[in-house]
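Shown next, in structure tokens, is the structure this report addresses.
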There are 2 protein chains.
Amino acid sequence: MQEVLKALAHPMRRDILAMLRTAPRNASEIADKFDVTKPTVSGHLNILKDADLISQVRSGTTLTYHIRLSVLEEALGGLMGMFDIGNDKDLKEK
Amino acid sequence: MQEVLKALAHPMRRDILAMLRTAPRNASEIADKFDVTKPTVSGHLNILKDADLISQVRSGTTLTYHIRLSVLEEALGGLMGMFDIGNDKDLKEK
DNA sequence: TTAATAGTTAGTCATTTGCCTAATTAGGTA
DNA sequence: TACCTAATTAGGCAAATGACTAACTATTAA
């Protein structure tokens, strides 16, 4: 969870995840969407990968990135649980 | 949302929020729970306050901190929405 | 094997973070 | 007033972050 929250703390990384939510993309496609250099994007991708929020698949010279939605869901779920938020389970207070 | 996610990225700040979730506390009570100095805790409280995740009420010399759960809920809700997560609304895909 | 392309890693630098100690502010009380 | 306690702000420092340019690795194609 710590890794995931750190990863989510940067807006560009959230935007990368959001664009991968639609479809997988390779590094160049991702980099084109942002006004920074490729190495910078590569760094952000590494952080997302360390948090296990994305996976990569090589095909020739290109690396395609996929979002790992379940990891995101688990982290957010854990956070909600930590604060007892989102329990639609109609108020089953003790 | 940016401020909230930055605030949530530090474990001590999440723990502070979790303890305020149970009941309001003053700065000393909070500081006692952690193995750091008061100024350090005060710094974390400032960051939580900047994110609007807590509010403070003075009573004499003591400041009592309250969690602002709605802010947390909104931020997490926004995040879920950003990734289309947690829509229990039985799959109403377009 | 030489070259071209996709992408990463290495190295540098400025800024931010997180912690500490010391000093200061705010309020209550003798 | 003077003093005590609660808590903050100020200042300093090491480590982490986020960006860049330059150099390197990996794969395909001529």
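Everything quoted here is computed from the prediction, not taken from an experiment. In what follows, chains carry the letters A, B, and so on, assigned in the order in which the sequence lines appear, proteins first and then strands, with residues in each chain numbered from 1.
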Notebook entry, point to check: So which one's nearest nucleotide on DNA chain C is more toward 5', A/K6 or A/S42?
Noted result: A/S42
Checklist line | Distance, rounded to the nearest Å, where A/D50 contributes CG and D/dG18 contributes P | finding: 13 Å
Check: Is A/K49 touching bases, backbone alone, or none of the nucleic acid, heavy atoms closer than 4.0 Å?
Finding: nothing
Notebook entry, point to check: If you look at every strand shown and take non-hydrogen atoms under 4.0 Å, does B/T37 touch a base, only sugar-phosphate, or nothing?
Noted result: base
Notebook entry, point to check: Quick one: which of C/dA22, C/dT8, D/dA19 gets closest to the side chain of B/P39?
Noted result: C/dA22
Next item on the list: Determine, stepwise, if the pair B/D15 / B/K33 fulfils side chain to side chain contact (heavy atoms under 4.5 Å, CB included).
Entry: CA-CA 10 Å; B/D15 288 343; B/K33 303 282 184 182; over 6 Å; no
Item checked: Spacing of A/K38 atom NZ relative to C/dA10 atom P, expressed in whole Å -> 18 Å
Check: Of all the nucleotides listed (C/dT8, C/dC19, C/dG18), which has the minimum atom distance to the side chain of B/I47?
Finding: C/dG18
Notebook entry, point to check: Got a second to check how far A/L45's CG is from A/L20's CG, nearest 0.5 Å?
Noted result: 8.0 Å
Note to self: How many whole angstroms separate atom CG of B/L5 from atom P of D/dT17?
What the structure shows: 16 Å
Next item on the list: Can you tell me the distance, in whole Å, between the NE2 atom of B/H44 and the P atom of C/dT16?
Entry: 18 Å
Next item on the list: Answer whether the closest heavy-atom distance between the side chains of B/V4 and B/L79 falls below 4.5 Å.
Entry: no
Notebook entry, point to check: B/Q56 CD to C/dG27 P: how many Å, rounded?
Noted result: 12 Å
Check: What's the spacing between A/Q56 CD and A/H66 NE2 if we round to 0.5 Å?
Finding: 10.0 Å
Notebook entry, point to check: Is any side-chain N or O of A/R58 closer than 4.0 Å to OP1 or OP2 of C/dA6?
Noted result: no
Next item on the list: Considering just the side-chain nitrogens and oxygens of B/H10, establish if one lies under 4.0 Å of OP1 or OP2 belonging to C/dT16.
Entry: no
Next item on the list: Could you check B/K6 against B/I47 for side chain to side chain contact (heavy atoms under 4.5 Å, CB included), going step by step and ending with a plain yes or no?
Entry: CA-CA 9 Å; B/K6 279 237 178 182; B/I47 290 170; over 6 Å; no
Item checked: Between C1' of D/dA19 and CG of A/L45, the distance in whole Å -> 15 Å
Next item on the list: Quickly work out the B/L8 CG to C/dT17 C1' distance and round it to whole Å.
Entry: 16 Å
Notebook entry, point to check: Base, sugar-phosphate, or nothing for B/Y65, non-hydrogen atoms under 4.0 angstrom?
Noted result: sugar-phosphate
Next item on the list: Mind checking B/T62 for me? I need base, sugar-phosphate or nothing, with any heavy atom below 4.0 Å counting as a touch.
Entry: sugar-phosphate
Next item on the list: Take A/V36 and B/N26, find for each the nucleotide of DNA chain D with the closest heavy atom, and name the residue whose nucleotide sits nearer the 5' end.
Entry: B/N26
Note to self: Rounded to whole Å, how long is the line connecting atom CG of A/N46 with atom P of D/dT25?
What the structure shows: 17 Å
Check: Reckon B/T61 has a side-chain N or O less than 4.0 Å from the OP1 or OP2 of D/dA6?
Finding: no
Margin query: Taking only side-chain N and O atoms of B/T40, does any of them lie within less than 4.0 angstrom of OP1 or OP2 on C/dC19?
Written below: no
